[in-house]
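Notes for the one structure printed next.
A, B, ... follow the sequence lines: proteins, then strands. Residue 1 opens every chain.
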Amino acid sequence: MAGLLDYSAGTTILHRLHPLAKVFLALGICVAAFLCKNLIVLVCLLAFAISLGLIGGIYRKTAKLVLGLLGIAVFLFILQVLFIRSGTPVLLFITDNGLMTASFVVLRLMTATIPLALLLVLTQLNDLSNSLVKILHLPYRYAFTITTALRFIPVFTDEMSLIMESQTARGVNFDTKNPVRKIRLMIPLCVPLLVTSVGRIEQAAMAAEIRGFYLRTRSSGSKDYAFRPLDATVVAVVAALILVAVLL
Amino acid sequence: MSALLEFDGVCFSYGRKSDEAGFVCDLNFSIDKGEYVAIIGGNGAGKTTTSKLINGLLKPSEGRVTVDGLTTTDHAVSKLAKKVGMLFQDPDRQICKNTVREELAFGLEIRGLAADEIKSRVDEVVSDFGFAPGASPFTLSRGERQMLALASVVICDPEILVLDEPTTGLDYRECMHIMERTRVLNEKGTTVIMICHDMEVVLDFAERIIVMAQGRIIADGDSAGIFRDEDVMRKASVLPPMMIDLSLRLSERADLKDRFGGFSSVDELLEILAKSTSARARS
Ligand SMILES: Nc1ncnc2c1ncn2[C@@H]1O[C@H](COP(=O)(O)OP(=O)(O)O)[C@@H](O)[C@H]1O
Ligand SMILES: [Mg+2]
């Protein structure tokens, strides 16, 4: 899991896109996924989302992401099918309504998650926060909070795996196959995770302050983010996608 | 009789095979019961990787690691943990209970010991180490937390104790405190394997040194001999302890070589000096 959401450097068309165009693209696909009422269109949207990963040249990460989500999706699908009782039975206790709703939930989940994850992988967090500040006039402290929170995710997952390693070495049986047992074992570990994380965050905050965090204004930052025709095209495509999703 | 710990042609790599980084290979050594061994080498030499191979946190991709006859590939870490205790650099990753007493008891509870047995062992360790049993671990100092982490490992009475840079970030007194503990345990028969960057500590405590560089073992032998091998020291990018360095430099001079070529501690140097002054006084 660690590193899955880290930035992957590259020069593909998606890397070169304006950060805000990428945000618009990702959010647009999410919105389209939730507005869409046609299963086929939803599948096409999902395919489009996955193909973005391929265009971005991050084949392995995309595959891992899709596989990881597929695991959750299967679980969700089974739950939904088991618990939805309305509609006509198709097989044993499974109803057509259940199948339909479950498919929608699962496809929407995947279609909405993948572009957001890809956004993080294909955009440098600095670019993201700087363009939010410069163009959308988001106060820098909020942008900083968002990007820092995102940046700390891999730090936390690494830390958690080190803590688990440490506890396994003591004899805690994490190698168990029973997921409920495993989660029960993991809960007490939140204490060391919290202790080390709070320490880290305090250090990061202090480091930011020492380096003049409060001196920063909207015009700070050496990069300019200009919109280009390509970005406009993307915005148009996304608008069209949403329209299609609503109309079909 | 076979050794307590055996590495037999062990290779391991974090990534793809072809990557040079994150790669240890050709690890061959065996450690007998009761030895005190130090593993030294520069950063990224593969020491931590080797230590994780010992208790099965990492499984070798080639070759075999056996701990007291158990092959690590065939057994869960939680089972091997009964034989191998491991102390990491950061005690905060290990401590997960609210009081010192609970923390000490945790390892024994996992092993399924009876409550009164746990209580008596915890009491013993508390008085032995001088802990305040009701204190919260997070109010303790860094050195005390490391001591607690060590105590909650040794309370389970492992046959092998692996220490990965146990004294980094501690002051001299705290460091000696921990190290003296390991010496006492070693004298009682625990096999100690220590990874350490402080060569003075290594010389004082370890009888045997395994030197690693770029994922391989480049030397393995008794401490004084290893530290005198300048070629090995350079390859491992470590400086020998000060007294050995002094002895080596003195022995570069032909007139001093015979007298000063062989000491490795302050005491030995003093002895040589005392001998030579008394010889001069006599003549
Ligand atoms: N979890 C990991 N994933 C990938 N590479 C790693 C990991 N841990 C260590 N490495 C790499 O393995 C090599 C040896 O590391 P390590 O055994 O920690 O060295 P040492 O403890 O001697 O400093 C280093 O090049 C390091 O970058
Ligand atoms: Mg290390």
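A/T196 contributes atom OG1, which lies 7.5 Å from atom CG of B/D90 (distance to the nearest 0.5 angstrom). If you take CD on B/Q89 and OG on A/S166, they are separated by 11.5 Å, rounding to the nearest 0.5 Å. Here the CD1-CZ distance, from A/I163 to B/R93, works out to 7.0 Å after rounding to the nearest 0.5 Å.
When the heavy atoms of residues 63-71 of chain B are compared with those of chain A, none of the residues falls under 4.5 Å. Contacts of residues 109-142 of chain B with chain A at a heavy-atom distance below 4.5 Å involve B/I110, B/R111, B/F138, listed in sequence order.
When all heavy atoms of A/Q167 and B/I95 are compared, the pair lying nearest together is NE2-N, 4.5 Å. Among all heavy-atom pairs drawn from B/S78 and A/G171, the shortest one is CB-O, 3.6 Å. Nearest heavy-atom pair across B/D92 and A/P192 is O-CB, 3.0 Å.
The greatest number of non-hydrogen atom pairs below 4.5 Å with chain B, out of A/E165, A/M164, A/R170, is found for A/R170.
For a residue to count as touching a neighbouring chain, one of its non-hydrogen atoms must lie under 4.5 Å from one of that chain's; by this rule B/K52 touches chain A with the side chain only.
Proximity of a side-chain donor or acceptor of B/Q94 to a complementary backbone N or O of A/A169 within less than 3.5 Å is not detected.
A/A208 pairs by the side chain to side chain contact (heavy atoms under 4.5 Å, CB included) definition with A/F144, A/F213, not counting sequence neighbours.
A 6.0 Å sphere centred on CD1 of A/I13 holds no more than 12 heavy atoms belonging to other residues, nucleotides or ligands. Other residues, nucleotides and ligands place more than 12 heavy atoms under 6.0 Å from the NE2 atom of A/H15. Few gaps surround CZ on A/F156; more than 12 heavy atoms of other groups in view lie less than 6.0 Å from it.
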Please table the atom pairs, donor to acceptor, closer than 3.5 Å between any side-chain atom in residues 154-169 of chain B and protein atoms at least two apart or in another chain.
| unit_1 | atom_1 | unit_2 | atom_2 | d |
| --- | --- | --- | --- | --- |
| B/D164 | OD2 | B/T48 | OG1 | 2.9 |
| B/E165 | OE2 | B/H197 | NE2 | 3.2 |
| B/T168 | OG1 | B/E165 | O | 3.4 |

